[in-house]
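Computation of the quantities below employed the complete heavy-atom set of this structure, encompassing side-chain atoms and omitting hydrogens, waters and symmetry-equivalent molecules. One-based numbering along the sequence shown.
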Amino acid sequence: MANLSDKIRVSIDDLEDMLGVFGLPDFISKAEARFVRQTAEVAKTVCENPKVQVVFVSGPTSSGKTTFTDRLVSELQARGKRAIRLSLDDYYNLEALNYDDEGRPDFESVNTLDMRLARMDLARLVSGDEVVTPTFDFMTRTRVESDKPALSIGKDGVVVVEGLHGLCDETTGAFEKERYVGVFIMPYASVMSDRRLLDSDDLRMLRRIVRDVRHRGAHALTTIDYWPMIQNSEQDYYRDYLTKADFHVNSFLAYEPLVIAALAKRDIEEALAAYDQGILAPSVFMERSNMKKDFANIEKAVAKARMLHAWLDMIPHAKETFVPKTSILNEFLCL
């Protein structure tokens, strides 16, 4: 059973102190090294246990699951282990959706995944077969024809399964515990001023805003308006998945507020300006709403956006060009 690892607390003063010419590179290097050590620890455990065939990586949205999984696969391969990544995101099936009281479609539930196909593909992979997995396009929110090469782990390889529901019973239930390792990844941190300014949930929202604007065609108010659905859905599985995991990987990088805050602030400013001018585009997440609304609660989202903007205005900024090419933050940036 995993427990949340030590919470990282960073103050505004810490961030300002590290903006010196020599301070920031060292600050970044230490934060990145901490993440690498966590990845190496998981890889070491897998390689020391020859019965392990699968690593299940789970965690809430905007935790860095994809980048962590890619890094873990590379680390396993560097240690002589054949390893591949299987993304549950590619098994989305959005034909039947549930909705909350304000008409938000539930894209977070395990019921939005074709778990039957995912289980079949995973079973074939651990049996040594070659499998061509599906592909889901998040811009169009549809499954598209896959042009991926066939995957295979051969006799003694490992499948690293990543996704929001990577540790659900539907995926882990077919395996005895000795045959898999569970990882729960989530940023666990606070940014402090005179009081707590941003907590882990806020930090994930900022990551999600930045990613959605750059990769999913959604402006900042769209993400903020949809966030209550994400929070409610996470409550249904968060504790269970953490309990089933062997490791908690804290994906927060101590320098990330310097970069993410600046980008999210700009994204929020642009969305608020469009709102004030009456030209705000409808929420892409509400296109499938059962209430036929452009937003679930735009007034509440705008109020939250203005509050976030005021908080972000207190955080010093650094250019995203400082982010190393191998950093987990590139999952949310467009670099």
Side-chain angles (χ1 to χ4, degrees), residues 2-47 57 59-60 62-79 183-208 210-211 245-265 311-312 314-335:
N3 294 304
L4 290 176
S5 55
D6 291 342
K7 192 170 192 178
I8 300 173
R9 291 176 173 82
V10 180
S11 70
I12 299 297
D13 289 341
D14 293 333
L15 295 171
E16 289 175 343
D17 289 344
M18 291 301 169
L19 277 177
V21 175
F22 299 105
L24 185 56
D26 185 56
F27 196 34
I28 291 173
S29 178
K30 288 179 178 177
E32 294 289 347
R34 183 181 184 277
F35 183 75
V36 169
R37 287 195 298 272
Q38 293 179 94
T39 309
E41 183 182 0
V42 176
K44 180 174 180 288
T45 297
V46 173
C47 290
V57 180
S62 302
S63 291
K65 294 182 290 295
T66 299
T67 302
F68 169 77
T69 298
D70 287 341
R71 294 276 287 272
L72 179 59
V73 167
S74 296
E75 181 68 22
L76 289 169
Q77 291 171 344
R79 291 171 180 259
V183 178
F184 187 88
I185 181 170
M186 186 189 80
Y188 187 46
S190 293
V191 177
M192 314 292 291
S193 180
D194 295 331
R195 56 179 177 78
R196 187 175 68 182
L197 195 64
L198 300 168
D199 61 15
S200 300
D201 196 49
D202 297 317
L203 292 165
R204 287 192 298 109
M205 184 195 290
L206 297 180
R207 285 180 172 186
R208 175 81 182 239
V210 170
R211 184 189 70 183
D246 302 290
F247 295 91
H248 166 236
V249 171
N250 189 344
S251 66
F252 178 75
L253 300 173
Y255 74 92
E256 76 172 81
L258 294 170
V259 177
I260 295 294
L263 295 174
K265 179 186 173 187
W311 291 348
L312 298 178
M314 300 171 61
I315 299 175
H317 300 158
K319 293 182 179 180
E320 58 266 33
T321 51
F322 282 104
V323 177
K325 292 182 179 179
T326 57
S327 176
I328 195 171
L329 290 187
N330 288 302
E331 186 170 325
F332 313 102
L333 308 177
C334 189
L335 298 178

Taking salt bridge (Lys or Arg N to Asp or Glu O under 4.0 Å) as the definition, give me every residue that meets it alongside K7, ordered by chain and number, with sequence neighbours left out. none
Is the closest side-chain heavy-atom distance between V46 and L72 below 4.5 Å? no
Starting at CZ of R211, measure out to CZ of R208 and round the result to the nearest 0.5 Å. 5.0 Å
Mutual orientation of the aromatic rings belonging to H248 and F184 [parallel < 30°, tilted 30-60°, perpendicular > 60°]: tilted
Run the side-chain contact (heavy atoms from CB on, under 4.5 Å) check on V36 and R71 step by step: do they pass? CA-CA 8 Å; V36 169; R71 294 276 287 272; 2.9 Å; yes
Please examine the side chains of L263 and F332, heavy atoms only from C-beta on, and report whether any two atoms are closer than 4.5 Å. no
Side chain to side chain contact (heavy atoms under 4.5 Å, CB included) partners for A262, two or more places apart: H317
Rounding to 0.5 Å, atoms CG (D17) and CD1 (I12) come to a distance of 11.5 Å
Keeping S63 on the side-chain end and G59 on the backbone end, is there a donor-acceptor pair under 3.5 Å? no
P60 to M186 - nearest heavy-atom pair and separation: CG-CG, 3.6 Å
Check whether any side-chain heavy atom of T67 lies under 4.5 Å from a side-chain heavy atom of T69, and answer yes or no. no
Nearest 0.5 Å, please: how far is CG in D70 from OG1 in T39? 11.0 Å
What is the minimum heavy-atom distance between V259 and K319, and which atoms define it? CG2-O, 4.1 Å
Mind checking side-chain hydrogen bond (donor to acceptor under 3.5 Å, both in side chains) for S11 and listing every partner two or more places apart, or none if nothing turns up? D14
Side chains of F35 and F252: does their closest heavy-atom pair fall under 4.5 Å? no
Within-4.5 Å side-chain heavy-atom neighbours: L15 and P257: yes
Closest non-hydrogen contact found for S200 with A189 is OG-N, 2.9 Å
At their closest point, which heavy atom of L76 faces which heavy atom of C47, and how far apart are they? CD2-SG, 3.8 Å
Do T45 and F247 come within less than 4.5 Å of each other through their side chains, counting heavy atoms only? yes
Here the salt bridge (charged side-chain N to carboxylate O under 4.0 Å, His left out) pairs for residues 197-207, sequence neighbours left out, are R196-D199, D201-R204, D202-K304, R204-E234, R207-E256
Smallest separation among heavy atoms of A264 and V210, with atom names: N-CG2, 3.7 Å
Quick one: which residue pairs count as a side-chain hydrogen bond (donor to acceptor under 3.5 Å, both in side chains) with a foot in residues 28-37, not counting sequence neighbours? D26-K30, E32-Y255, E32-S327
Any N250 side-chain heavy atom under 4.5 Å of Q38 side chain: yes
Any donor-acceptor pair under 3.5 Å from E16 side chain to P316 backbone: no
Nearest-0.5 Å distance that lies between atom CD1 in I28 and atom CG in L329: 9.0 Å
So, using salt bridge (Lys or Arg N to Asp or Glu O under 4.0 Å) as the criterion, who are the partners of E75 when residues are at least two apart? R79
In the structure I gave you, are the side-chain heavy atoms of I315 and L198 within less than 4.5 Å of one another anywhere? yes
Of all heavy-atom pairs between A318 and L24, which one has the smallest distance, and what is that distance? CB-CD2, 4.2 Å
Look up atom CG in L312 and atom CG in L206, then write down how far apart they are to the nearest 0.5 Å. 5.5 Å
